[in-house]
Amino acid sequence: WFGPETRILLPRLITYVALPPYLMSTIMRAFRRDGLLDFIQGALLPLAAVALTFVLAIIIGKIARVQRQHFGLFCASVANSNTIFVGIPVNLALFGEEAVPYVLLYYFASTVFFWTVGQYAITRDIEGEARLIPLRTRVMQIFSPPLLGFLTGLLLILCNVELPFFIQDAARYLGNMTTPLALIFIGFQLGSDIFKSKTERKSFFRIIITQTGIDHHADRSIIADTRI
C-alpha cells in the first residue's frame, strides 16, 4: 500500500493541506484580541522550558556517550516534542478545550527554537559544505506553512476579522485530517527505516527513554507547584 510516492505525498498533505487551516481555526477559537498580550508574554515560559530541556539533553548525551555524528540530532529530538500532530488531540482528551491555548504557546516556542538552535545543532553533525545552509533557506524553514497558518490566525484576531462559517467549517474539516495522517506517516517511517538498523534502534530507544524521563520529572514538578 505504501510505495515511494507515499513518503512524499503524506508529509505534503499534512504540512500544506491539513495543518495550516487546523492551526488557524484552532487559535481563532482559543484566543480573543484582548488576550493576545498575555499570549505573547506567556510564550517566554515554554521557550525557556525548551531551552532548559536542550541543556539537559546535552548533559545526558555526554553521559550516555551518544555518537558525535548523532549528537545534535539527539539533543534536538529530546528538546522538541511532537506538539501538534498528537499533542492537541491528547490534551483535548485529557484536559478539554482549556488546554488548547497552552499547547499553542508551546508549539510557537518549540517551532522557533527547533528551526534556529535545533537546526544549528543538527547541521553540526554534518561534515563538509553540506552543513552550510543559506540564510534564505533557514528563514523559509522557520516560516513554514504550519507556522504561517498559526500567524494568519493571530493576524485575523488582531484585525478583529470574523471568517464566514463555511470557511471556518472547511478549515476545521481539513484540519481534522492532521492527526490520522501524521500517525500513519510516523508508523510507516518507523517500520521502513528505524527498526531495520540496529544502530538506529538504539538511538531511537535512547531518545524515547530520555524524553520519558524528562517529561515524568516535569509532570512531578507541575504537580508539586500545584499543591503549593
Side-chain angles (χ1 to χ4, degrees), residues 1-2 5-47 49-50 80-116 118-119 138-189 215 222:
W1 286 15
F2 298 100
E5 298 83 4
T6 309
R7 291 176 178 266
I8 301 174
L9 177 62
L10 282 180
R12 286 182 178 176
L13 280 176
I14 297 167
T15 305
Y16 293 96
V17 178
L19 198 48
Y22 180 72
L23 291 175
M24 184 191 72
S25 62
T26 301
I27 195 170
M28 291 186 71
R29 291 198 311 269
F31 289 98
R32 292 294 177 265
R33 187 176 181 180
D34 298 337
L36 282 182
L37 182 59
D38 294 334
F39 171 83
I40 295 173
Q41 294 175 346
L44 297 176
L45 181 59
L47 186 61
V50 175
N80 293 273
S81 302
N82 190 324
T83 314
I84 296 298
F85 289 171
V86 183
I88 284 186
V90 169
N91 278 274
L92 283 173
L94 293 176
F95 307 111
E97 289 284 345
E98 295 81 4
V100 173
Y102 303 100
V103 177
L104 294 177
L105 276 175
Y106 187 86
Y107 164 73
F108 179 75
S110 179
T111 300
V112 172
F113 188 90
F114 177 80
W115 288 113
T116 51
Q119 186 188 60
R138 291 181 183 270
V139 173
M140 290 180 64
Q141 287 173 335
I142 293 174
F143 292 98
S144 60
L147 187 60
L148 289 176
F150 179 86
L151 295 176
T152 300
L154 285 180
L155 182 62
L156 291 173
I157 295 173
L158 280 173
C159 297
N160 204 21
V161 175
E162 187 73 21
L163 294 177
F165 287 112
F166 72 91
I167 295 180
Q168 295 183 36
D169 290 341
R172 189 169 63 254
Y173 294 150
L174 287 172
N176 287 339
M177 298 192 301
T178 302
T179 299
L181 289 177
L183 291 175
I184 292 172
F185 179 71
I186 290 170
F188 170 65
Q189 287 293 98
D215 289 345
I222 292 171

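Position 1 is the first residue of the sequence, and the numbers go up from there.
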- Note on the structure: For Tyr106, the ring-ring contact (aromatic ring centres under 6.0 Å, His included) test, sequence neighbours excluded, returns none
- Would you give the length of the straight line joining atom OG1 of Thr15 to atom CG of Leu10, rounded to the nearest 0.5 angstrom? 10.0 Å
- Please round to the nearest 0.5 Å and tell me the distance separating atom CG of Leu105 and atom CG of Leu47. 11.0 Å
- Hey, are the side chains of Met28 and Leu163 touching, using non-hydrogen atoms and a 4.5 Å cut-off? yes
- Among Thr178, Ile14, Leu174, side-chain contact (heavy atoms from CB on, under 4.5 Å) partner for Tyr22: Thr178
- Does any non-hydrogen side-chain atom of Leu104 lie less than 4.5 Å from one of Leu23? yes
- Item | Interatomic spacing from CD1 in Ile8 to CG in Leu13 - rounded to 0.5 Å | 12.0 Å
- Evaluate whether atom CZ of Arg12 has more than 12 neighbouring non-hydrogen atoms of other residues, nucleotides or ligands under 6.0 angstrom away. no
- Hey, could you give me the CG/CZ distance between Leu151 and Phe108, rounded to the nearest 0.5 Å? 6.5 Å
- For Tyr107, which residues count as a ring-ring contact (aromatic ring centres under 6.0 Å, His included) partner, sequence neighbours excluded? Phe150
- Heavy-atom nearest pair, Ser25 first then Ala171, reads CB-CB, 4.1 Å
- Message: Within this structure, what is the CD1-CD1 distance for the pair Ile157 and Ile27, rounded to the nearest 0.5 Å?
- Response: 5.0 Å
- From Leu155 CG over to Met24 CE, what is the distance, rounded to the nearest 0.5 angstrom? 11.5 Å
